[in-house]
Amino acid sequence: MIFLDAAAATPVRREVLEAMWPYLSGEFGNPSSHHSLGDAAAAALAGARDRAAEALGCRPGEVVFTSGGTEADNLAVKGIALARRAADQRLDRVAISAVEHPAVEESARYLQRLHGFAVDVIPVDRYGQVTEEALAAALRPETALASVMYANNEVGTVQPVARLAALARSRGVPLHSDAVQAAGWLPLDVRALGVDALSISGHKLGAPKGCGALFVRGRTRLEPLIHGGGQERGRRSGTENVAGAVALATALSLAVSSREASERVADLRDGFIAAVLAGVPGAVLTGHPAERLPSVASFCFPGTSGESVLLELERQGVICSSGSACAAGSDEPSAVLLAMGIDSAVAQTAVRFSFEPSVTAAELREAAAAVRAAVGSVRTLGAAG
Ligand code: PLP
C-alpha cells in the first residue's frame, strides 16, 4: 500500500510514543495534585510548554494546549471575538477567508447565529490565495478578528500570512491563522509571521489524535470556551492531557529540526505533479502552482467522479482522498474549489494526494502510473455505462 493521505492523519512517530509513554504509565499523576506524582506531571507539562513555545518562537505562557486543531480554531475565533466585543460593543464582525476549514467557518457561523456577529467572507483568487487588497476590503472598524489559514488542507495553497498579519495589525485587527496543515512543513515562528493566534494539531505531525495547541499573543483578550478548574491560566479548563502535550511538543520539535525534508518532498511533489499532468489527459492541478505545501498535490480529473477514482486507486494500492477527510462521503462539491472559481461539476472530480516526510521517489512514480491507469479505467467505464 502507498499511503498518500498524510493531510488526514499521520502515524505516531516512535520518538513521540517513547516520550509520552511514561505519562500514560508510571508517571500518571494529575498536574494539579500536590504530591510527588502530581509534581512530576506538572514538570512534564511545563517542559512540553517550553518546547512547544520554542518551536513556535513565543513565550511558554502564550501556548494553550487543546484537544486538537478544531478546539484551537474554536477557541481563537469565538474566544477572541467574544472577548473583544465584551470590551467594546461596536466590535461585532469577524472576517474569514473563503477557504477556511469548517472548524473556523462554523465557529464564525456560530457567532453569527447566536451572538449577532456579521461574518465577512474574504474572497480568494483562482489559486485559493487571499490578496492584501481582498483582506483590506473586508476589514472594517467593527472587525473583532480576522482568520486566514496558513496553508489549505484541500489544495495546499500557502497564504502570505506575514503580509496579511501586518495589514490587519495596521488596522488594529488581530489575525488568527490555522496552521494545522502548515506545521511540520513551513516556518512557524509566530513573531516573524506577526499573527496574534495560531492553531496546530498533533495528528498531522506524528503525534496522536486529540492533542493540539493554540498560540495566543501575550495581551490578546480571550474568552474561554471550557469553564472549570482554571487550568491553562483559565483559558482552557479541564485536567491537562499531559501525555498529549508531551507528544505534541516532541513532534513539533522533531518537525522543526528536520525541516530539510520540506525541500526534498517539494521536489518529489513537483515530479509527481508533472507526471500526472503529462500522463492524464485533461488533468487540472488545483491550488497555487508554486506557493503550495511541499506535501500536497491536488487535481481535478474532468470526466470522472473523484470517488470512483479513489476506489480504483485503492484497488491498485494507493490510498488518497477527495479533498478533506471531514467532507469525505459528501456529494457536495468542495466549497474551497468553488471559492476558487472551479466549476461545480469539475469540483466533484477532485483528488488530493498528501505526503509524509518519508515519501520516496519510487512510491510517487508508482502512484503516478496508478493515477494514469485509474483515471483511464474510470473514464472507460463511464463512457461504456
Ligand atoms: N484545520 C485544518 C486546516 C485541518 O486540516 C484540520 C484537520 O484536518 C483541522 C483544522 C482540524 O484539526 P483536528 O482534526 O485536530 O481537530
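As the structure lists them, so they are numbered: ligands from 1, and atoms in each ligand from 1. The figures here come from the full heavy-atom set of this structure, side chains too, leaving out hydrogens, waters and symmetry mates.
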* Heavy atom under 4.0 Å from ligand 1: found in K204's side chain, backbone, both, or neither? ->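 It is the side chain that gets close, since no backbone atom is under 4.0 Å.
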* Asked: Is it the side chain, the backbone, both or neither of K209 that has a heavy atom closer than 4.0 Å to ligand 1?
  -> neither
Give the single entry among [options] that approaches [atom] most closely by any heavy atom.
| atom | options | value |
| --- | --- | --- |
| atom 12 (O) of ligand 1 | S67, G69, P102, A151 | G69 |
| atom 10 (C) of ligand 1 | N74, V99, I200, D178 | D178 |
| atom 11 (C) of ligand 1 | V104, T70, D73 | T70 |

Could you tell me, atom by atom, which parts of ligand 1 come under 4.0 Å of a heavy atom of [X]?
| X | value |
| --- | --- |
| G68 | 15 (O) |
| M149 | 3 (C) |
| S201 | 13 (P), 15 (O) |

Is any NZ, NE, NH1 or NH2 atom of the basic residue among [X] and [Y] found under 4.0 Å from an Asp or Glu carboxylate oxygen of the other?
| X | Y | value |
| --- | --- | --- |
| E312 | R315 | yes |
| E260 | R264 | no |
| R85 | D92 | no |
| E62 | R59 | yes |

* Asked: Measuring from the heavy atoms of E100, does anything fall under 4.0 Å of ligand 1?
  ->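 Not so, E100 does not reach ligand 1.
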* Applying ring pair (Phe, Tyr, Trp, His ring centres under 6.0 Å), run through Y23 and F28 and close with a yes or a no. => CA-CA 5 Å; Y23 307 101; F28 60 85; over 10 Å; no
* Asked: Considering only heavy atoms from C-beta outward, does the side chain of V94 approach that of S147 to under 4.5 Å?
  ->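 No - every pair of side-chain heavy atoms lies 4.5 Å or more apart.
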